[in-house]
Amino acid sequence: MRKILVLGSINIDHSYELERIVRPGETVASRAYRTAWGGKGLNQAIALAKAGARTALAAQLSKADMPGLETLCAPFGLDISGVRGLDCPSGHAIIQVESSGQNSIIIAAGANGLMEDATISAIDQYGPGDMLLLQNEVNRMPEIIRRGKERGMTVILNPSPCTEDMLDWPLELVDIFILNETEGEYISGSSQVEEMLDILSTKFPAAGIVLTLGAQGSVYRRGEEEHRAAALKVEAVDTTAAGDTYTGYFLAGLSQGKAVKESMELATRAAAVTVSRPGAAESIPLAEEILQAAGIE
Ligand code: RIB
């Protein structure tokens, strides 16, 4: 089984349940409030580990939050020896979740925005055949992409959230992009799905492009190869971490030698379970729970 290193963010999520997402100038009372573990790096690492992939996380957070992270990750074997506690606040997110399950998120970088050499150097323990999974919630991203490639790793980028500087990154070094329609539009300049796929695969001819399209399912394109997975009909409670679950389960499938289409279908089922529960990291299902949800014991 291939080893996967996730180098990314850890956030403390502050989630507010509302009838609908707040409009400019409005003050709204929330129906419920909770704090929970999140951050795209942590969520995706947890999804990989819960799916049974050999996963390690390299990240930064406040020293004070380290014991809580250890308790969270211990049960499913996520290697957090590359997570470093710093004397600064952890990153956090303010999340509004409306009754349709849709969300709106603000992030504040905290320790995620202060990436140190000692954290990034976790990459040097990996080599050809290993995977490096990245998002866009930590700083020094161009350097991190180059370092992974220099080690001969397969570099996977979930370009979320999109930022202006991203178009100047060495994106030609990325082996697999996993992105949603908004991110696809940002990088391709087109809002039409088929055109978006054409532009992305022309721009990055050697890369695999996985485009997640919500109710329209997901599409994989690499050169002439194309696969599509249909979405599942689910009653969404909270869509937070749905994309992270898809990303983690898709890559876990590939790392375990599953075919692309099978990995996409597994990822779709896992994300459907995540949206049926509140929260981020903790709402991600274990592989057994996905089989149970599909009625397979
Ligand atoms: O993708 C969901 C995540 O985005 C949340 O957990 C939040 O922390 C932000 O990083």
Side-chain angles (χ1 to χ4, degrees), residues 6-18 21 32-51 57-62 65 68-69 72-73 78 80 83 89-98 100-115 133-139 141 156-163 166 177-184 186 210-214 218 236-251 267-268 270-285:
V6 182
L7 203 161
S9 59
I10 296 177
N11 287 333
I12 307 294
D13 288 352
H14 297 259
S15 294
Y16 302 82
E17 245 177 57
L18 307 157
I21 287 165
Y33 163 75
R34 67 183 164 269
T35 58
W37 289 99
K40 295 181 199 304
L42 176 63
N43 295 342
Q44 294 179 17
I46 286 188
L48 280 156
K50 286 189 170 176
L57 173 66
Q60 298 179 170
L61 81 173
S62 162
D65 292 326
L69 183 77
L72 173 78
C73 297
L78 171 61
I80 54 164
V83 177
S90 291
H92 76 263
I94 303 288
I95 307 184
Q96 299 180 39
V97 183
E98 64 175 31
S100 68
Q102 192 52 262
N103 64 26
S104 140
I105 304 181
I106 300 171
I107 51 171
N112 300 315
L114 301 168
M115 276 294 143
L133 172 58
L134 307 169
Q135 312 77 28
N136 186 24
E137 288 189 340
V138 301
N139 64 325
M141 284 300 299
I156 301 110
L157 177 66
N158 169 224
S160 179
C162 287
T163 48
M166 194 177 253
F177 290 90
I178 303 179
L179 65 191
N180 65 20
E181 251 173 305
T182 313
E183 293 144 9
Y186 198 88
V210 184
L211 192 58
T212 58
L213 300 165
S218 54
V237 169
D238 181 353
T239 54
T240 310
D244 298 332
T245 305
Y246 185 102
T247 298
Y249 265 86
F250 174 73
L251 289 179
T268 304
V273 177
T274 295
V275 303
S276 70
R277 302 163 169 178
E282 283 131 312
S283 69
I284 299 168

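First listed ligand is number 1; within each ligand, the first listed atom is number 1.
Side-chain contact between Val273 and Tyr249 is absent, with no heavy-atom pair separated by less than 4.5 Å.
Within ligand 1, the atoms closer than 4.0 Å to a non-hydrogen atom of Ala280 are 6 (O), numbered from 1 in the order shown. Residue Ala93 approaches ligand 1 through these ligand atoms, each under 4.0 Å from one of its heavy atoms: 7 (C), 8 (O). Counting atoms of ligand 1 from 1 in the listed order, those under 4.0 Å from a heavy atom of Gly38 are 6 (O), 8 (O). Each of the following atoms of ligand 1 lies closer than 4.0 Å to a heavy atom of Gly39: 5 (C), 6 (O), 7 (C), 8 (O), 10 (O). Within the listing of ligand 1, atoms 7 (C), 8 (O), 9 (C), 10 (O) sit less than 4.0 angstrom from a heavy atom of Asn11.
Protein heavy atom nearest atom 2 (C) of ligand 1, with residue, atom name and distance: Asp244 OD2, 3.4 Å. At the top of the distance list for atom 9 (C) of ligand 1, counting protein heavy atoms only, stands Glu137 OE2, 3.5 Å. Protein heavy atom at the shortest distance from atom 4 (O) of ligand 1 is Lys40 NZ, 3.0 Å. Atom 3 (C) of ligand 1 has as its closest protein heavy atom Asn43 ND2, 3.7 Å.
Atom-to-atom distance recorded for Asn136:CG and Lys40:NZ is 10.0 Å, nearest 0.5 angstrom. Distance check, rounded to the nearest 0.5 Å: CG of Leu69 to CG of Leu61 gives 6.0 Å. In this structure, OG1 on Thr247 lies 9.5 Å from CG on Leu179, to the nearest 0.5 angstrom.
Using the six-membered ring where Trp is involved, His92 and His14 have ring planes that are perpendicular, over 60° apart on the 30 and 60° scheme.
Residues Ser90 and Asp65 share a closest heavy-atom pair of OG-OD2, 2.5 Å.
Between Ser9 and ligand 1, a contact under 3.5 Å exists for no N or O pair.
When Leu42, Asp13, Ile105 are checked for heavy-atom proximity to atom 8 (O) of ligand 1, Asp13 turns out nearest.
Here the options are Ile46, Leu7, Leu48, Val83, the test is side chain to side chain contact (heavy atoms under 4.5 Å, CB included), and the partner is Leu57; only Val83 passes.
A donor-acceptor pair shorter than 3.5 Å can be found between the side chains of Thr240 and Asp238.
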